[in-house]
Amino acid sequence: MIRMKRARGSFVGILVVLSTPTVHAEFRSSMSEDALDAPSVYVIGKRDNLESIPGSGHILGRQQLDGSKVFTGGEALRKIPGVNVRDEEGIGLRPNIGIRGLNPTRSTKITLLEDGIPLSYAPYGDNATFYSPAVNRFERVEVMKGAGQLLFGPQTIGGVINYITADPSQEFKGLVSLTGGNRDYTDAQLRLSGGGFLLDYSNRQSDGSRDNTHTVAHDLNLKTLFRLDAEQALILRGSLYDENSNVTYTGITDNEFNNLGPRYNPFKYDNFKLERYAVSATHDYQIDSRSSLKTNVYAQRFNRDFWRQSSATNDNQCDASYPSFQADRRSGIAVDVDRCLSRQGRLRSYYFYGIEPRYALTYDAIGMENELDAGFKIHFENQDRSQLNGTQPNVKSGNTVAENTLRKTEAYSFYAQNRFGLGKWAVTPGLRLEHIRNEFNDELKNQRVEDTTKEWIPSLGATFNPTPRYTLFAGVHRGFAPSRTEDIINGTTGTSTNVEAEKSTNYELGVRAMPFEGAHLQATLFRNEFQRLISVGRIANGSIPLSQGEALFQGVEVAADIEWRVGVFLLMALTHLPTAEQTTSFRQVVNGAVVAGSEAGKRQPYAPENTATLGLGYGRAGFKGQVELVYVGEQYADFANTEAPIPNGDGQRGKLEAYTIYNLALNYRIAKYHTSVFFAVKNIADKVYIVDRTRGIQVGIPRLLQMGLKYEF
């Protein structure tokens, strides 16, 4: 068993010797035509690969991202059907991504990757995500939601999202990009590439969506490629991310929203600091013309200090020194937080490391063409967590230690998938094994508890290609998501709660079509039956403990990407989710008590029935302009499907009304000077809309005006 010394501010070095023979052709080459053939793991790869994938898959390219001038990863993902993205702080730092009706809070129900490497803090032990890379360094985004996601776990219930970054070039080139806007928004990027080396740096600043907030984030990334010989290549990556944000965790009450305005935020001392260090290596060995081995070795460390005065709108932590704090907030009276002397420091240090070889083999057997993808992953992670309670903001001394725990996870997984091809037909069975051991150490109570989860995850997919322009696909697979370490093990009693992993049976039936040149269409019917769905933290009424139950999600997705010869283009992503219901009551995990209002037939929280993103534009002779509509249907904030906010309530209950916003992007490229100028407006009408009530009312972005230029050399 591998152990790592517990320490903050240090980094981890790994030396691994590999000797394993083989990834499918879709994993092999870079998608950038002027880049070197860099070894990276792709979820889909080239668009042509979609015809062999037994499930829904989508690719957003750099052209689409630039054309609409997206400034956050969430804004990009809204262009993919089935994906529901919720704003939080207004600059896309905290990704809240849900797929096919699953709760988007902290993106806990999906697998997030960057260049095939795990991206979240603790993918097995605590999949909550507080970090999102800068969108301007993505070359494209891949999303897979069907049976094929079995190759990329551990979460296989929602989907897998893979952010692909730029590859190094051989010739020297680069770019400089500067963007500015209202609410103190700036975004500067520098990219240098040549001789197999790439440097990418960006700096983002913004005041976000609310008062008393400001963010500064630095993102530095390095890549270097070594061509070892004709059959082998090695790419090394290193990155550093530093964020210092005055952002709050809590929303506002209904009366604060009505009396003091949607941007009101009294918690001016809340502060979030994040440092992320990551290193990884990908070794590609082309064994022969029909087999290859690709191996990822990776390590990441996150240091996160979050100081806040309140964790939710119903907190009473200020009451000892400020007795009227809660009453004033619920009455909609502006509060003086200088009188609230209570501060909580939620200090976290996460690190994980692992190795994942992937083998691909193309072979002929029993009269069929076969494609085998197989691999395994060995993954270790630690969560070093403490909580300090005191009276001074951001001061680590003189506080009461309320928590000091160490949570460890060891995960071993194996997966194999074989595509049997017979002419226009193909059948692809697959199997994944996850073996996970969690350990919880409470150093204040001197308690240690461990728990083990093992799960076999099968899948079966099929494709039929009647012509090169049409693909029919169908699939069924087991959905699996490991429970968080803190959910499996009760930190109060130091005992196992016996909460099991999430399980579902997921079905898909769909078609991909290219009816004419420049038109790409996809439609998918889906049905996800949950035998066990775990609620996200305390999403449904801020006071409800961890709970679980059965649920059913089913609907249809439609995507279109059409460009006509006259220069007009249409982008469309539609999702209709008529069913997102609890099929049983939800019960508390610890004592089995039924959660009030959660009876069968109620709609799951944060599962809008309809979402849509429509873009219409024109591009010719260096000019490209696009108008975009984003629609999100009404949602409920709790299990009970409370319609109206409670009088003098805490902002955590009540329906979230549907909203529509419009965006505009204009681009013009001056080819002679290798320069592009652009102008964008987000939320043109400056619509006020509520996006979240988890910890009180949070609102979406106000009108944002952005303009800038990019020079390429």
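The residues of the chain are indexed from 1 along the displayed sequence.
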Give the intermediate values and the outcome of salt bridge (charged side-chain N to carboxylate O under 4.0 Å, His left out) for residues Glu243 and Arg204. CA-CA 9 Å; Glu243 176 193 330; Arg204 290 180 291 166; over 6 Å; no
Return the minimal non-hydrogen interatomic distance between Arg78 and Ala573, and the atom names on each side. O-CB, 4.1 Å
Would you indicate whether the side-chain heavy atoms of Ile53 and Ile44 approach each other to under 4.5 Å? yes
So, Thr105 and Asn96: side-chain donor and acceptor under 3.5 Å apart, yes or no? no
For the pair Asn162 (side chain) and Met144 (backbone), establish whether a donor and an acceptor sit closer than 3.5 Å, ignoring hydrogens and angles. no
Ring-ring centroid check Phe130 Phe302, cutoff 6.0 Å: no
Evaluate the criterion side-chain contact (heavy atoms from CB on, under 4.5 Å) for residue pair Thr295 and Glu356; output intermediate values, then yes/no. CA-CA 6 Å; Thr295 303; Glu356 184 173 19; over 6 Å; no
Can you tell me if Thr471 uses its side chain to pair, donor with acceptor, with the backbone of Val511 under 3.5 Å? no
With the side chain counted from C-beta on, respond yes when Glu75 and Lys682 share a heavy-atom pair under 4.5 Å apart, and no when they do not. yes
Checking side-chain polar atoms at under 3.5 Å, does Ser280 have a donor or acceptor matched by the opposite partner on Arg237? yes
Shortest non-hydrogen contact between Gly101 and Ala607, atoms and distance: O-CB, 3.5 Å
Would you say the side chains of Asn610 and His576 form a donor-acceptor pair under 3.5 Å? yes
Looking at Val43, is its backbone amide N or carbonyl O close enough to the side chain of Glu142 to form a donor-acceptor pair, meaning the two atoms are under 3.5 Å apart? yes
Could you give me the CA-CA distance, side-chain angles and deciding distance for Arg100 and Glu557, then say whether salt bridge (charged side-chain N to carboxylate O under 4.0 Å, His left out) is met? CA-CA 9 Å; Arg100 293 179 171 173; Glu557 302 167 347; 2.7 Å; yes
Looking at CZ of Arg304 and CG of Leu274, how far apart are the two atoms once the value is rounded to the nearest 0.5 Å? 9.0 Å
Passes salt bridge (charged side-chain N to carboxylate O under 4.0 Å, His left out), Glu581 versus Arg603? Steps please. CA-CA 4 Å; Glu581 68 177 22; Arg603 192 170 182 89; over 6 Å; no
Relative to the ring of Tyr124, is the ring of His379 parallel (under 30°), tilted (30 to 60°) or perpendicular (over 60°)? tilted
Taking atom types as modelled, find out whether Asn663 and Glu628 have a side-chain donor-acceptor pair closer than 3.5 angstrom. yes
Glu51 side-chain N/O to Arg469 backbone N/O, donor-acceptor pair under 3.5 Å: no
According to ring-ring contact (aromatic ring centres under 6.0 Å, His included), who are the partners of Tyr415, at least two apart in sequence or on a separate chain? none
The side chain to side chain donor-acceptor pair (under 3.5 Å) partner of Ser120 among Thr129, Thr108, Asn127 is Asn127
Taking Thr584 for the side chain and Glu550 for the main chain, is one N or O donor matched with an acceptor at less than 3.5 Å? yes
Looking at every non-hydrogen atom in both residues, tell me the closest pair between Pro458 and Trp456 and how far apart they are. CD-O, 3.5 Å
Please tell me whether Phe586 and Phe639 form a close aromatic pair, meaning their ring centres lie under 6.0 Å apart. yes
Tell me if a side-chain donor or acceptor on Tyr606 pairs with a main-chain N or O of Asp638 at a distance below 3.5 Å. no
Can you sort out the partners of Lys223 under salt bridge (Lys or Arg N to Asp or Glu O under 4.0 Å), two or more places apart, ordered by chain and number? Asp115, Asp167
Any salt bridge linking Glu88 with Arg86? Criterion: basic side-chain nitrogen under 4.0 Å from a carboxylate oxygen. no
Is there a donor-acceptor pair closer than 3.5 Å between any side-chain N or O of Glu381 and the backbone N or O of Glu410? no
Phe138 vs Tyr163 aromatic rings, parallel, tilted or perpendicular, using cut-offs 30° and 60°? parallel
Can a donor-acceptor pair be found, under 3.5 Å and without considering hydrogens, that links the side chain of Ser239 to the backbone of Asn221? no
Is there side-chain contact between Ser56 and Glu508, with heavy atoms separated by less than 4.5 Å? yes
Just do the ring-ring contact (aromatic ring centres under 6.0 Å, His included) check on Phe376 and Tyr412 with the steps written out, would you? CA-CA 7 Å; Phe376 65 88; Tyr412 306 88; 9.8 Å; no
If I compare all heavy atoms of Arg140 with all of Gly45, which pair ends up nearest, and what's the gap? NE-O, 4.3 Å
Over 60° means perpendicular and under 30° means parallel, so classify the ring planes of Tyr298 and Phe352, tilted if in between. perpendicular
At their closest point, which heavy atom of Leu60 faces which heavy atom of Ala76, and how far apart are they? CD1-O, 3.1 Å
Modelled atom types, side-chain donor and acceptor of Gln300 and Arg276, under 3.5 Å: yes
For the CD atom of Glu502 and the OG atom of Ser483, what is their distance to the nearest 0.5 Å? 6.5 Å
With a distance cut-off below 6.0 Å to the six-membered ring centre and an angular limit of 45° from the axis, does Arg695 pair with Tyr249 as a cation-pi contact? yes
Got a donor-acceptor contact below 3.5 angstrom from the Gln64 side chain to the Ser68 backbone? no
Decide salt bridge (charged side-chain N to carboxylate O under 4.0 Å, His left out) for Arg358 and Asp284; before the verdict, give the C-alpha distance in whole Å, the side-chain angles of both, and the deciding distance to 0.1 Å. CA-CA 10 Å; Arg358 292 174 173 268; Asp284 188 15; over 6 Å; no
Keeping Thr111 on the side-chain end and Gln155 on the backbone end, is there a donor-acceptor pair under 3.5 Å? yes
